[in-house]
Participant: 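I have a structure here, written as structure tokens, and I will follow up with some questions on it.
Numbered from 1 within each chain, the chains take letters A, B, ... in sequence-line order.
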Protein chains: 2
Amino acid sequence: MKNRLKVLRAERDFTQGDLADALGVSRQTVNAIEKGKFDPSLPLAFKIASLFGHSIEEIFQYEN
Amino acid sequence: MKNRLKVLRAERDFTQGDLADALGVSRQTVNAIEKGKFDPSLPLAFKIASLFGHSIEEIFQYEN
DNA sequence: TCTTTGTGTAAAGTTTACTTAACATTTAAT
DNA sequence: ATTAAATGTTAAGTAAACTTTACACAAAGA
């Protein structure tokens, strides 16, 4: 899975910490997702999508 | 999170076992997701969406 | 230069998404 | 009425998504 988190975050001028707070997760979690260390849970993906006003599919791309 | 898995599965006349095979997970996992015992991972949600030809948002609904 | 802010990373622990194996129950044939 | 297929559920284990704590480093400001 790839994601556009870093770009979306930059567009809003959010730090990883800002985003973490808004999502209710730790900064390390945001960092790990951005760096592709793991994928968010489905509920977290929904929160992210809702926060940025995009569909999950617009933010995360599944790669076989 | 709620989901429309049971209905979509019924529409295609799939058993839980059929769906599990198509998704590459165990039947118990399909059952547990259907019954709301837990949510699928994001990659699995993508697989489900792709299999049924719907967006993730059309199949899974986030409830605060 | 010193300090602050943002980012990267790692260790150790908890929770949640999975597995296999097993068995009970419901549903649908025959 | 029996059997077979589908579903429900549980236990015990592994893997992945998280947590907190901690520290190193780079960029930017004062």
Participant: OP1 or OP2 of dT7(C) sitting under 4.0 Å from any side-chain N/O of Asn31(A)?
Facilitator: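 Answer is no, no contact under 4.0 Å.
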
Participant: When the distance from CG of Asp21(B) to P of dT7(D) is rounded to whole Å, what number comes out?
Facilitator: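 In whole Å, dT7(D) P and Asp21(B) CG are 12 Å from each other.
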
Participant: With a 4.5 Å heavy-atom cut-off, do Leu23(B) and Thr29(B) have their side chains touching?
Facilitator: no

Participant: Under 3.5 Å, sequence neighbours excluded: what are the donor-acceptor pairs made by side chains of residues 48-57 of chain B?
Facilitator:
| unit_1 | atom_1 | unit_2 | atom_2 | d |
| --- | --- | --- | --- | --- |
| His54(B) | ND1 | Phe52(B) | O | 3.1 |
| Ser55(B) | OG | Glu58(B) | N | 3.1 |
| Glu57(B) | OE2 | Ile56(A) | N | 2.6 |

Participant: Tell me which residues in residues 32-57 of chain A put a heavy atom below 4.0 Å from DNA chain C, sorted by number, or none.
Facilitator: Lys35(A)

Participant: Could you report the tightest heavy-atom contact between Phe60(A) and Met1(A), atom names first, then the distance?
Facilitator: CB-CE, 3.4 Å

Participant: Identify the residue among Gln28(B), Lys6(B), Glu34(B) that makes a side-chain hydrogen bond (donor to acceptor under 3.5 Å, both in side chains) with Gln16(B).
Facilitator: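 Running side-chain hydrogen bond (donor to acceptor under 3.5 Å, both in side chains) over Gln28(B), Lys6(B), Glu34(B) with Gln16(B) returns exactly one hit, Glu34(B).
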
Participant: Are OP1 or OP2 of dA6(D) and a side-chain N or O of Arg9(B) less than 4.0 angstrom apart?
Facilitator: no

Participant: Given side-chain contact (heavy atoms from CB on, under 4.5 Å), test Leu8(A) with Arg4(A) step by step and report yes or no.
Facilitator: CA-CA 6 Å; Leu8(A) 291 170; Arg4(A) 309 204 326 112; 3.7 Å; yes

Participant: Start with the C-alpha gap between Val25(A) and Ile33(A), add the side-chain angles, then the distance that decides, and say whether side-chain contact (heavy atoms from CB on, under 4.5 Å) holds.
Facilitator: CA-CA 11 Å; Val25(A) 297; Ile33(A) 293 169; over 6 Å; no

Participant: Quick one: is dA6(D) close enough that its OP1 or OP2 comes under 4.0 Å of any side-chain N or O from Thr15(B)?
Facilitator: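 For dA6(D), OP1/OP2 do not have a side-chain N/O of Thr15(B) under 4.0 Å.
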
Participant: Shortest non-hydrogen contact from Pro40(B) to Leu42(A)?
Facilitator: O-CB, 3.4 Å

Participant: Give a yes/no on whether any side-chain N or O of Ser26(A) is located under 4.0 angstrom from OP1 or OP2 of dT19(D).
Facilitator: yes

Participant: Quick one: Leu5(A) CG to dG8(C) P, roughly how many Å, whole number?
Facilitator: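 Rounded to the whole Å, the gap is 12 Å.
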
Participant: Summarise protein proximity over nucleotides 21-30 of chain C in one line of letters, 5' to 3': B for base, S for sugar-phosphate only, - for none, counting protein heavy atoms closer than 4.0 Å.
Facilitator: BB--------

Participant: Before giving the answer on side-chain contact (heavy atoms from CB on, under 4.5 Å), spell out for Phe46(B) and Leu44(B) the whole-Å C-alpha distance, their side-chain angles and the decisive distance to 0.1 Å.
Facilitator: CA-CA 5 Å; Phe46(B) 266 95; Leu44(B) 182 52; over 6 Å; no

